[in-house]
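Structure first, commentary second.
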Amino acid sequence: MGFLNSIGKYIFYKEQKGKEGFVLKENKAINCETAQNIASLDVFDKKELEGAFVGCTVNDDILKNNISSDIELNKKIMMTTYDMPKNTDLLYREFNITVKDKVLRSFIVFIDGMTDRTVISNNILQPLMLLSNLEIKEKPVDVGEFIFNRLIPYNQIKKVQKYTEVISNVNFGGCVIFVEGLEYAFMADTKFWDHRGVNAPKSETVIRGPQEAFNEQIRANTALLRKILKDKDLMIEGVTIGKRSNTPCAVMYIKDIANDSLVREVLKRVKSIKVDYIFDSGELEQLIEDNTFMAAPQILATERPDKVAMMLAQGNVAVALDGSPFVLVMPATITEFLHTTEDSNIRFPYVTFIRMIRIIGIAIALLLPGIYIAITTFHQEMIPTNLLFAIEAARENVPFPCVVEILIMELSFELIREAGIRVPGAIGSTIGIVGGLILGQAAVMANIVSPVMIIIVAITALGSFSVPSFSMSFSIRLIRFAYIILGAVAGFLGIALGLVLNSLLLASSKSFGVPFLTPFGPVTKDKYADKLVRQPIWKQEKRPDYLNTKDIKSQPKISRGWSVKDSNEKDED
Amino acid sequence: MKNKIEFGSWEATALMINLVFAQVMLIFPKDMVHFGGSAGWMISIIITLITLIYFTIVVKLYKNIGSLDLIDISASVGGRIFKVVVGLLITVFLTLVVSINLGAFAQTFKIISLDKSPLEYVGVLFLIGMLAAAYYGIEVVARINAFLVPIVIVGFILITLGAIPEFETNNLFPILGDGYASIAKGSILKLSVFSSIIILFFMVPFFKKQYLKKVGYSSIIISGLLLLWSTLSFILVFPYEIAIDKKVPIFQLARRIEIGNYLQRIESVFVLISAISAFLFLGVIFTFIIYIFSKTLDLKRSKPMILPMAVIVFSLALISKRLNIELIGSNALNLIWLTGMALPLVIIIMGAVKKVGVKDNGGVKNGQKN
């Protein structure tokens, strides 16, 4: 029979049932007018409006209302707002509290996975359900006060008056306790979730200095800063960003050092942001920076707490965002992008030397390919004769002009770099070997590029790795292409034009009111001893002039007390 | 957010130095040799001294004037019509300066670097720099001068130091060159190298007035030293007979450098530094043209003026080259250039007589804006 059926399939036509693929249709228009237009809590009690919230969200205006004393109404509001029990990680638990002879109905709401269940069980539910049955010696005057003072032995608890406060706290790991007859709720800070610990920095490694980096926990990050600074005047102002996400954000400064108008400006910019969600400080950086279209960054993003602490101590303002291991520091001028924290931890002659190397590295990363093109295309006389012969001999079989050659190589290098970052760590090094060595060697042997070009691209890459800031390195990589083009079209005249245009662009930009090229253009007072070359640490008596700090002096003229003979010592002599 | 233009004394000094120094990169040392022969270096000392005396007089006169620029002074002295006349005169003068120099720089760079490119192409590259400078405005232009000019000067000094092995002290003799008369004539005509000092009197409101002395003297002295050193090193390397025919003196100097077989013919470095200097020179003057013109006519927005003015400047630059008129270095032009020194002096004298902008019993005389 089966055999006949199989044969039959080839002979007789059998109409197939049409398989309908998924089509992303537009949402059906749900009439949420009723749900959106109501601002009164009565809607939850009215039978005729029971279906008003199906497919609709609870309007923020309703949630701005004060908490009702009606426990049933509170329950309905919470259930409707969070769409429980459809929303499975939202947990709801009803119980009774006995106060004297009265039994009060209560319930708690919290999010599973974001809260500490042990704390909720041991410090909230257990006392409320069990302690309330014990004999009470004092006469409870106010039920709410009695519960607050005697029945909840938990350290982080507060009263909240509005539903909006309840919602934002529950969303951020809080546990809300509603009690029958009370026109407020108790909010316990029970947040607890799995997170990354404090690890070593990944993108800003140093040899000499702390090996701690920020993580995704805002409180852990602020604590790291407090731990380093230990200053009572360190202010950590809390702000929330995101209409929906309410992401916590901390604006940090030292109140008797940082300029007041700078602090106000940072707070103004941060508070004024209107987005639904914000996920990382990288987004925040783009939202608060002065000039979006400039290639160079204007805000310093760092994962090192010691760097942030140093900059706060010098009068900058920092912004940390929950969920981001990078803290933003502002204002940031060109010098900040050229310095590392290690610079202050090692002796000044070494720093001066290493900074010179860094500046040469930056100049190479920015200009070397462009200058090479300019020299080989327009100014061959500059090259020593023997080297010129060697370059020409190497290029003899390469069919492309220099500029095409270098563009191929630069783009290939950027490709290798991007691929190296994106592939999993285990094969990341393979990409480097395959891309860098094998491809480079093969390209030379295939006469696509000359060996000199490989050297130029390799040195340029080394130069770009010497830039301490990730963002700055990016901007240099981008601008380099402009110099290549300018070098190809007009030689050194083109390079000079590029330098002037680049300088104009950088000189015109500001970071929170401070010109980006400060202290070189405009030139500031020369008392600040950490510009390009770092002076000995005992000479660094002043904070940067351009930050207009409240306290310009960071240490007295004689910071090494031992270097001056004191009077007692003289007497002893 | 302040809209006021403000910069420090160093920015102003660097800007002023480059306005003189750019001439060194073009033709100045050759002109010195042309006028004074082997004594050409003396002319640079004399013109520096004359300029210092001129500036001392101006500073004395400025004591009776507030922190005003030439346009404000002329407005206070002779009213709106006088202001417009003076403003337009200065605009025309500076337009002439920038267009002739644009042509000269384009021609020079075509000769020394881009010999296969058309003149217009080289001119357009300079024009882009000028447009960008004018777009960003005086404050930004002054800021970039603060750090680019020292780089340029260090580059120039290194080039001339590299030429020291080629120095021939015999070239300095006869010590008085073509004689007193030639030196005197050259000193008067080449005083024009300081004609861009007119720009200084437009910067007074941007830096504090007490810095006028500091900016003026330091820029004149440093520029004078650069003029002297450039002329001296040129004369020391090239004997008079050869020097008189050299087109771009410092470039020719750079060509003579040869240190071992690895550092030879570094004239390309000259191309780089002189190009930066030229961009800054043209950018500064063009930015000030836009500023002065807008201020003269009380225009609220100056940016729309940039492109039309650039077209005029570029056309003028090309016309002089097309007509094959050798303007740079001509005696007539040297005299016209002196307007840059004479006109400010006249206006400042008038302002000092009327004591414009000076606080008078707690108030401000003659309508100086606070």
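These values consider heavy atoms only, across backbone and side chains, with no hydrogens, waters or symmetry-generated copies.
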* **Residue A:Leu493 versus chain B: region with a heavy atom under 4.5 Å** => both
* Residue A:Leu497 versus chain B: region with a heavy atom under 4.5 Å -> both
Would you be so kind as to tabulate the donor-acceptor pairs closer than 3.5 Å made by side chains of residues 272-283 of chain B, with sequence neighbours excluded?
from     : atom 1 : to       : atom 2 : distance (Å)
B:Ser274 : OG     : B:Phe270 : O      : 2.6
B:Ser274 : OG     : B:Val271 : O      : 3.3
B:Ser277 : OG     : B:Asn18  : OD1    : 2.8

* Asked: Can a cation-pi geometry be assigned to A:Lys510 and A:Phe516, taking NZ or CZ under 6.0 Å from the six-membered ring centre and within 45° of the ring axis?
  -> no
* To do: Please state whether the side chain, the backbone, both or neither of A:Ile375 comes within less than 4.5 Å of a heavy atom of chain B.
  => neither
* Asked: Is the closest basic N to carboxylate O distance between A:Glu265 and A:Lys268 below 4.0 Å?
  -> yes
* To do: Can you establish whether the number of heavy atoms outside A:Lys550 located under 6.0 Å from its atom NZ is more than 12?
  => yes
* Is chain A contacted by the side chain of B:Leu114, its backbone, both, or neither, given a heavy-atom distance below 4.5 Å? -> side chain
* Please flag which part of B:Tyr135 lies under 4.5 Å from any non-hydrogen atom of chain A: side chain, backbone, both or neither. => neither
* Could you have a look at A:Gly491, A:Ala490, A:Gly494 and say which one has the most heavy-atom pairs with chain B under 4.5 angstrom? => A:Ala490
* Taking the six-membered ring for Trp, are B:Phe7 and B:Phe207 parallel (under 30°), tilted (30 to 60°) or perpendicular (over 60°)? -> tilted
